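In what follows, a structure is listed as structure tokens, so that the remarks can point back to it.
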Amino acid sequence: MMMRLLKVDMLKMKRKGMWFLTILGPVGVIALQMVNYGVRKEYLLQQNSDYWGYYLKNISAFTPLAIVLGIAILTSFIASIENETNAWKQLVALPISKMSVYLSKFTVLSIMFFLSSCLLMVFTLGFGLFLDFNQEIPFLEVFQYSFFPFFAALPVLALQLWVATVSKNQGISITVGVVGVIFAYSAFTLPDWMIWKWPSLMNEWDDPTINVWLGLGVGSMLYIIGMFDFKRRDVR
Amino acid sequence: MEYIIQTKNLSKKFGKELAVNGVDIRIAKGEIYGFLGPNGAGKSTTIRMLLGLMKPTSGKVAIFGKDLKSERINILKKVGSLVENPSYYPHLTAKENLEAIRKIVGVPKTRIDEVLKTVRLQDAANKKVKGFSLGMKQRLGIATALLNKPELLILDEPTNGLDPSGIIEIRELIKSLPEKYGMTILISSHLLSEIDQIATTVGIITKGKMIFQDSIEEMRMFARQYIKLKVSQHEHAWRTLLASGMKAELEDGHILLSDQTDQHVAEAVQLLVQQGISIYRVEEDKKSLEDIFLQMTKEELAG
């Protein structure tokens with residue numbers, strides 16, 4: 001049943017430009033570095049003798065923003081598909097459980113962000129090789145900086161999907177999304193417990209894996225809360 | 001008697017407001033059940049509870065003799081529905097819209113062409129629904145409801161917003177379904193005339209309460225027409241008519257004749273004129289749905 005629902009959700013996303021956004025995210029993040037290194041490569045190489053490490057730091061300054069912004073946009077998109085003509089009432093009156101409807105939406109979004117992360121890794125490596133640092137490639141770090149922000153952003157994804165599916169007014173989910181982006185932008189000054197800080201992989205112990213575990217834990221918790229709230233609510 | 005739908009004391013509260021109040025619906029197999037009521041009477045809320053979209057505050061719903069709460073998915077496999085305004089995905093074509101539902105209900109792909117043909121949308125199959133007229137969207141909604149060959153079809157105001165030819169077309173379609181496929185149909189409307197032409201059984205709901213549930217023939221008894229006379233000395237006129245053995249009622253200073261043959265009306269008028277009573281108006285008074293509601297609610301209070 002789950003596979004069928006996923007296929008249906010993919011079908012509904014046709015002509016909505018969501019896949020385009022999925023690709024645009026990582027392209028945008030790397031494009032910024034193309035400009036950065038294109039304009040002042042010599043200067044940047046002087047800043048730090050660990051060229052790859054410094055390059056990855058530069059990229060990771062924008063990854064969380066792109067992810068949080070992407071979450072805000074894609075969750076409202078996926079909810080608006082059903083909200084537009086209140087197709088929820090048609091969907092929920094079909095012989096499927098409400099929980100699987102919710103799980104399918106969450107899964108589709110996760111797949112898209114996972115794909116974004118994969119692309120980010122490929123582009124990071126690609127442009128890094130193009131820059132020709134002549135240093136050993138830190139594959140582990142490249143992997144971490146590509147995938148960890150996504151896992152750390154799971155709570156934001158779960159929260160936004162919840163807000164977008166249960167609020168009749170898309171304005172509410174957009175507002176939560178915009179506030180989230182502002183938080184992500186000012187991650188440096190936020191306390192560690194704020195979920196919007198986590199994708200930046202910063203914390204006071206300087207260990208990004210903490211953010212990943214927190215992301216997975218709190219993410220599943222918020223997902224379960226959202227799913228049960230969605231199930232409990234009447235469809236009007 | 002085997003009931004396809006049976007509710008027991010079904011109620012729904014929104015905050016403090018009781019939108020549906022102790023409704024007992026009984027729909028037998030093969031019936032076209034007309035669910036009548038003015039806007040905001042609780043029709044849609046009741047239908048949403050029948051489909052499991054809303055949870056009842058109290059009461060029970062049994063469909064195909066099974067409890068909706070515990071066997072929702074099994075029940076919905078055999079139910080097709082169209083609730084209020086049709087839901088669709090405007091950026092997809094009619095075919096893609098049906099495909100999105102077909103994948104979930106798991107019927108063969110050929111069903112899509114079949115239902116498109118049934119609602120006569122085959123020519124628009126590959127057009128985006130965005131550009132459809134309201135009538136076409138409504139027909140697509142019905143096509144979607146028919147996709148899984150349902151045993152029970154629930155249609156909430158299916159002719160809402162359609163033009164007269166569209167209404168007739170949908171009506172003929174709905175009428176043909178029970179014979180052709182053995183479906184049981186629940187159709188709601190706020191128009192008596194609409195229900196009158198298709199339903200075999202009628203349930204009337206107002207202010208959340210079911211005030212009438214019986215066959216359409218019983219219903220018609222209430223909807224009969226009257227000849228209404230406005231006269232001077234109505235009390236005297238009424239007694240005169242009764243004294244000569246005519247059926248007449250006195251209501252708000254008007255006399256109502258239930259026997260409306262030309263001859264009978266002529267006799268009555270002649271009799272009154274001979275008695276020196278002035279006749280101001282003779283008019284046909286068809287009871288509107290509102291009047292019937294009023295009449296029924298009055299009886300409800302009295303009885």
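Proteins come first, then strands; the chains are lettered A, B, ... in the order of their sequence lines, and each starts at number 1. All values reported here derive from a predicted model rather than from experimental measurement.
The residue among B/Lys77, B/Glu84, B/Glu96 with the most heavy atom pairs within less than 4.5 Å of chain A is B/Glu96. Counting heavy-atom pairs closer than 4.5 Å to chain A, the top residue among B/Leu51, B/Val83, B/Leu82 is B/Val83. The residue among B/Ser81, B/Gly52, B/Pro90 with the most heavy atom pairs within less than 4.5 Å of chain A is B/Pro90.
Side-chain contact between A/Ser97 and B/Ile73 is present, with heavy atoms from C-beta onward closer than 4.5 Å. A heavy-atom distance below 4.5 Å is not found between the side chains of A/Arg236 and B/Leu53.
Using a 4.5 Å cut-off between non-hydrogen atoms, the part of residues 115-146 of chain B that approaches chain A consists of B/Lys128, B/Thr144.
Remark: side-chain polar atoms of B/Arg72 are paired, donor with acceptor, to backbone N or O of A/Ile96 under 3.5 angstrom. Looking only at distances, no side-chain donor or acceptor of B/His91 sits under 3.5 Å from a matching main-chain atom of A/Met13.
Atoms CZ and OG1, on A/Arg15 and B/Thr93 in that order, are 6.0 Å from each other to the nearest 0.5 Å. For the atom pair A/Arg4 CZ and B/Arg102 CZ, the distance stands at 9.0 Å (nearest 0.5 Å). With values rounded to the nearest 0.5 angstrom, B/Ile101 atom CD1 is found 5.0 Å from A/Leu94 atom CG. The OG atom of B/Ser87 sits 11.0 Å away from the CD atom of A/Glu84 when rounded to the nearest 0.5 Å.
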Would A/Met1 and B/Ile104 satisfy side chain to side chain contact (heavy atoms under 4.5 Å, CB included), going step by step from the backbone distance to the final call?
CA-CA 8 Å; A/Met1 196 68 230; B/Ile104 295 175; 3.8 Å; yes
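For A/Leu5, the part lying near chain B is the side chain, with the backbone staying farther off; criterion is any non-hydrogen pair under 4.5 Å. Of the two parts of B/Pro86, only the backbone, made up of N, CA, C and O, holds a non-hydrogen atom closer than 4.5 Å to a non-hydrogen atom of chain A.
Applying the ring-ring contact (aromatic ring centres under 6.0 Å, His included) test to B/Phe14 and every residue at least two apart in sequence or in another chain returns nothing.
Applying side-chain contact (heavy atoms from CB on, under 4.5 Å) to A/Asp234 and the options B/Arg48, B/Met49, B/Lys12 leaves one that passes, B/Lys12.
Other residues, nucleotides and ligands place more than 12 heavy atoms under 6.0 Å from the NZ atom of A/Lys16.
Across B/Lys55 and A/Lys231, no two heavy atoms sit closer than the pair NZ-O, 3.0 Å. Between B/Tyr88 and A/Thr85, the shortest heavy-atom distance links the atoms O-OG1, 2.6 Å.
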